[in-house]
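Comments concern the structure below.
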Amino acid sequence: MPTPSPAAPPQARRMLTVALLVPFVVALALWAFAWPAARNAPRDLPLGVAGPAHATAPLQKQLQQREGAFEIHRYADEAAARAAVEDRTVYGAVVATGQGPKLLTASAASPVVAQLLQQAVTAGAPDGARVTTVDVVPAPAADPRGAALGSSVLPLAIAGVAAGSLVTLRGLRGLRAAGTLVLAAALVGLVAAALAHSWLGILTGNWWAEAGVLGLSALAVAAAVAGLAALLGPAGIGVGALLMVLLGNPFSGVTSAPQLLPEPAGLIGQLLPPGAGGSLLRSTAFFDGAAATGPAVTLAAWAVIGLGAVLVGARRGRSAPPATASPRVREPAPVG
């Protein structure tokens with residue numbers, strides 16, 4: 001009696017899986033990109049207040065009326081506040097002067113924050129007082145709104161995902177895979193610095209330091225993707241791409257600031273390579289390396305752990321017992 005052919009349920013299950021997976025991915029992407037943008041507002045944004053206590057008390061009280069918006073840092077005078085802005089301790093500072101409030105900003109840290117601070121301080125100033133604004137660390141003339149710098153995060157993430165995927169799909173393993181990832185990331189850094197610094201002029205720091213940051217950012221993503229693929233198989237590529245592009249890019253805060261994103265998006269973004277890379281690039285390009293330690297350690301950790309996973313995955317593959325071949329069945333010789 002002939003065995004019945006496989007029924008349609010397996011095909012139906014595949015169709016249902018695809019039909020449900022697509023809208024789920026779309027919903028996830030909309031949430032990841034639209035939610036931070038829709039909830040953009042200052043949250044414990046570091047802001048300095050400088051001057052005598054009796055002069056700064058009304059300013060500080062006015063700023064603290066926006067509960068949870070600003071994290072106030074006190075400074076004795078304008079020089080100390082200016083140094084804090086240059087060291088990336090605060091995004092800006094309000095200095096009490098005899099002529100009225102003086103606002104120190106750093107549009108290189110975030111043009112969006114600089115504009116937000118100007119609006120907040122102007123709204124809170126006494127009637128008739130004129131607010132003087134000084135841009136201590138201005139954004140480059142070629143990118144005054146920071147749009148070009150913000151647009152650089154996604155290409156670097158895509159480059160990293162592509163490098164990690166190609167290394168895996170081309171069958172490179174162990175030291176060969178790790179060496180290829182490092183070489184590819186170094187070349188990405190050189191090409192990106194040539195475009196962003198030498199051609200577009202949106203970066204104004206040390207050329208080689210910027211190339212190193214761009215290369216390290218690409219390596220952190222590439223190593224993470226290749227490491228996940230080495231441990232999880234091809235599915236690891238999808239997990240890595242989802243983590244770096246779908247979450248890392250919108251949570252990076254490069255187009256605004258991590259403190260403007262809803263929590264925990266701002267914190268998560270700075271723990272992922274795109275956000276850490278964006279922060280490190282700002283520090284290197286505009287602030288002479290100030291506040292670079294944290295994001296540099298984050299990127300290095302992703303790169304080292306990812307490359308380690310690549311090596312571990314290769315060793316595990318070599319130590320796996322070979323599959324036993326099924327015995328061949330010899331057909332009986334013909335009679336006669």
Side-chain angles (χ1 to χ4, degrees), residues 25 28-40 43-44 88 109-110 112 146 149-165 167-168 181-182 184-185 188-189 192 210 212-232 235-285 291-310:
V25 173
L28 183 62
L30 286 174
W31 168 79
F33 281 85
W35 172 57
R39 298 291 185 269
N40 213 288
R43 295 170 177 84
D44 293 325
R88 300 201 74 187
S110 171
V112 174
L149 180 65
S151 300
S152 66
V153 173
L154 183 58
L156 284 175
I158 292 175
V161 172
S165 303
V167 162
T168 301
L181 291 172
V182 172
V188 167
E210 292 166 355
V213 171
L214 293 164
L216 181 59
S217 300
L219 178 61
V221 176
V225 172
L228 286 169
L231 298 178
L232 304 178
I237 296 176
V239 173
L242 188 75
L243 190 63
M244 299 301 169
V245 177
L246 202 57
L247 290 183
N249 183 54
F251 287 8
S252 67
V254 176
T255 57
S256 55
Q259 291 84 358
L260 298 187
L261 302 181
E263 291 298 345
L267 175 62
I268 294 173
Q270 292 306 296
L271 295 177
L272 293 173
S279 296
L280 183 57
L281 187 59
R282 282 193 190 278
S283 293
T284 305
T293 302
V297 170
T298 300
L299 290 176
W302 277 98
V304 170
I305 294 173
L307 293 175
V310 169

Side chains of P262 and P36 in contact at under 4.5 Å (non-hydrogen atoms): yes

Minimal heavy-atom distance between A291 and S283, with the atoms involved, is O-OG, 3.7 Å

Sub-4.5 Å side-chain heavy-atom contact between S252 and L272: no

Can you tell me how far the CG atom of L247 sits from the CH2 atom of W31, to the nearest 0.5 Å? 6.0 Å

Close side-chain approach of V245 and L154, heavy atoms under 4.5 Å: yes

Qualifying residue, where the test is side-chain contact (heavy atoms from CB on, under 4.5 Å) with L281 and the options are V153, L216, V213: V213

Locate the shortest heavy-atom distance separating A229 from T168; write the atom from each residue and the value. CB-OG1, 3.5 Å

Would you confirm whether S279, through its side chain, and A276, through its main-chain N or O, come within 3.5 Å as a donor-acceptor pair? no

Donor-acceptor pair, R43 side chain versus Q259 backbone, under 3.5 Å? no

Heavy-atom pair of closest approach, residues G227 and V310: N-CG2, 3.6 Å

Between W302 (side chain only) and L271 (backbone N and O only), is there a donor and an acceptor less than 3.5 Å apart? yes

Mind checking whether R282 and L149 have side chains closer than 4.5 Å, heavy atoms only? yes

Measure the CZ-CG distance between F33 and L246 for me, rounded to the nearest 0.5 Å. 6.0 Å

Between V112 and T255, is there a side-chain heavy-atom distance shorter than 4.5 Å? no

What pair of heavy atoms forms the shortest contact from A218 to V188, and how long is it? CB-CG1, 3.9 Å

Quick check: does any side chain N or O of R39 sit under 3.5 Å from a backbone N or O of E263, one acting as donor and the other as acceptor? no

Can you tell if the side chain of V182 reaches within under 4.5 Å of the side chain of L219, non-hydrogen atoms only? yes

Going by heavy atoms in the side chains, are S217 and L299 under 4.5 Å from each other? yes

For the student: nearest non-hydrogen atoms of L231 and A309, plus distance: CD1-CB, 3.8 Å

Can you measure from CG (L280) to OG1 (T293) and round to the nearest 0.5 angstrom? 9.5 Å

Taking every non-hydrogen atom, the tightest pair across M244 and V221: CG-CG1, 3.7 Å

